[in-house]
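We count residues from 1, following the sequence as given. The figures that follow rest on heavy atoms only: side chains count, while hydrogens, waters and symmetry mates do not. Treat the numbers as computed from the prediction; the structure is a model and nothing was measured.
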Amino acid sequence: MNPDFEYITNLQYKVKNLSSRVADFESGAKYIKMRENTRAQLKEKDREISGLKKELSDARAQTVDMRGRWLEVFEDLVTEHAKELEKKDRSIKALEERVLEVERQRDEALDKLRDKRQEWYDALT
């Protein structure tokens with residue numbers, strides 16, 4: 001085969017292809033097709049954005065809900081802890097009163113013992 005023939009044939013195919021593409025642009029068919037493709041892509045992106053916004057909204061709502069639940073649990077724990085502290089304070093106060101009573105009884109017993117020793121000492125002397 002002749003290389004010039006192949007080259008010219010190849011160029012003719014390219015010219016025909018490019019002429020067809022130019023004709024599509026000149027007729028406006030290509031612009032319409034490009035606009036439709038762009039609209040379809042934009043619709044798809046809008047759907048995707050809409051879905052992501054909904055997902056974000058749901059996540060925020062869930063976060064707010066969980067925060068509220070944690071605050072309730074924390075408040076319950078604080079209340080429960082305060083009750084236990086109050087119970088321990090009452091117990092400590094009761095034990096302190098008991099200790100004071102026992103010390104008073106001990107002091108009375110020591111006073112009686114001292115009096116008895118004094119009587120015994122007086123009796124011996």
Side-chain angles (χ1 to χ4, degrees):
M1 283 217 132
N2 186 358
D4 290 335
F5 175 76
E6 286 181 20
Y7 181 71
I8 291 174
T9 304
N10 189 21
L11 286 177
Q12 286 174 343
Y13 285 130
K14 283 184 181 182
V15 167
K16 185 173 183 177
N17 183 16
L18 292 174
S19 296
S20 170
R21 290 175 70 183
V22 167
D24 286 344
F25 276 106
E26 287 176 346
S27 70
K30 183 69 173 175
Y31 291 117
I32 292 171
K33 190 173 184 180
M34 288 171 61
R35 190 177 301 128
E36 288 173 1
N37 286 340
T38 303
R39 283 184 184 154
Q41 289 174 351
L42 287 175
K43 277 186 179 179
E44 180 60 33
K45 290 296 178 187
D46 287 345
R47 266 186 260 131
E48 185 178 342
I49 289 170
S50 165
L52 290 173
K53 282 182 179 179
K54 183 177 180 345
E55 188 177 326
L56 179 62
S57 173
D58 291 347
R60 284 182 179 162
Q62 184 180 11
T63 300
V64 168
D65 185 44
M66 290 305 288
R67 186 182 308 132
R69 289 181 185 181
W70 275 110
L71 287 175
E72 288 176 10
V73 168
F74 183 72
E75 288 172 1
D76 290 346
L77 286 174
V78 167
T79 303
E80 194 174 305
H81 182 68
K83 285 179 183 178
E84 286 189 25
L85 285 178
E86 188 177 316
K87 182 179 175 184
K88 286 181 182 180
D89 288 344
R90 283 194 308 266
S91 175
I92 288 172
K93 186 169 178 133
L95 288 173
E96 285 175 346
E97 289 174 3
R98 187 173 171 196
V99 166
L100 289 174
E101 179 63 25
V102 168
E103 286 178 350
R104 187 188 59 75
Q105 289 175 359
R106 183 200 65 192
D107 290 343
E108 286 178 6
L110 287 175
D111 288 344
K112 283 182 184 178
L113 180 62
R114 187 187 57 204
D115 291 344
K116 293 290 183 184
R117 279 188 188 159
Q118 185 65 37
E119 286 178 19
W120 183 70
Y121 180 73
D122 288 342
L124 285 177
T125 56

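- Every side-chain contact (heavy atoms from CB on, under 4.5 Å) that E55 has, sequence neighbours left out, goes to L52.
- One distance of note links CD1 of I49 with CG of L56; it measures 12.5 Å at 0.5 Å rounding.
- Residues meeting the side-chain contact (heavy atoms from CB on, under 4.5 Å) test with R47, sequence neighbours left out: K43, E44.
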Donor-acceptor pairs are to be reported for all side-chain atoms of residues 85-94 against protein atoms at under 3.5 Å, with residues two or more places apart or in another chain.
| unit_1 | atom_1 | unit_2 | atom_2 | d |
| --- | --- | --- | --- | --- |
| E86 | OE2 | R90 | NH1 | 3.0 |

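- A donor-acceptor pair under 3.5 Å links the side-chain atoms of T38 to the main chain of M34, judged by distance alone.
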For residues 7-19, tabulate all N or O donor-acceptor pairs below 3.5 Å that involve a side-chain atom, not counting sequence neighbours.
| unit_1 | atom_1 | unit_2 | atom_2 | d |
| --- | --- | --- | --- | --- |
| T9 | OG1 | F5 | O | 2.7 |
| S19 | OG | V15 | O | 2.7 |

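- Residue pairs meeting the salt bridge (charged side-chain N to carboxylate O under 4.0 Å, His left out) criterion with at least one partner in residues 114-125, sequence neighbours excluded, are D111-R114.
- More than 12 non-hydrogen atoms from other residues, nucleotides or ligands lie less than 6.0 angstrom from CZ of R104.
- Using a 4.5 Å heavy-atom threshold, the side chains of Q62 and D58 count as separate.
- Between R98 atom CZ and E96 atom CD the span is 13.5 Å, to the nearest 0.5 Å.
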Which pairs of donor and acceptor atoms, one on a side chain in residues 65-78, lie under 3.5 Å apart (sequence neighbours left out)?
| unit_1 | atom_1 | unit_2 | atom_2 | d |
| --- | --- | --- | --- | --- |
| D65 | OD2 | R69 | NE | 3.4 |
| D65 | OD2 | R69 | NH2 | 3.3 |

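- Distance check, rounded to the nearest 0.5 Å: CD of Q41 to CZ of R39 gives 13.0 Å.
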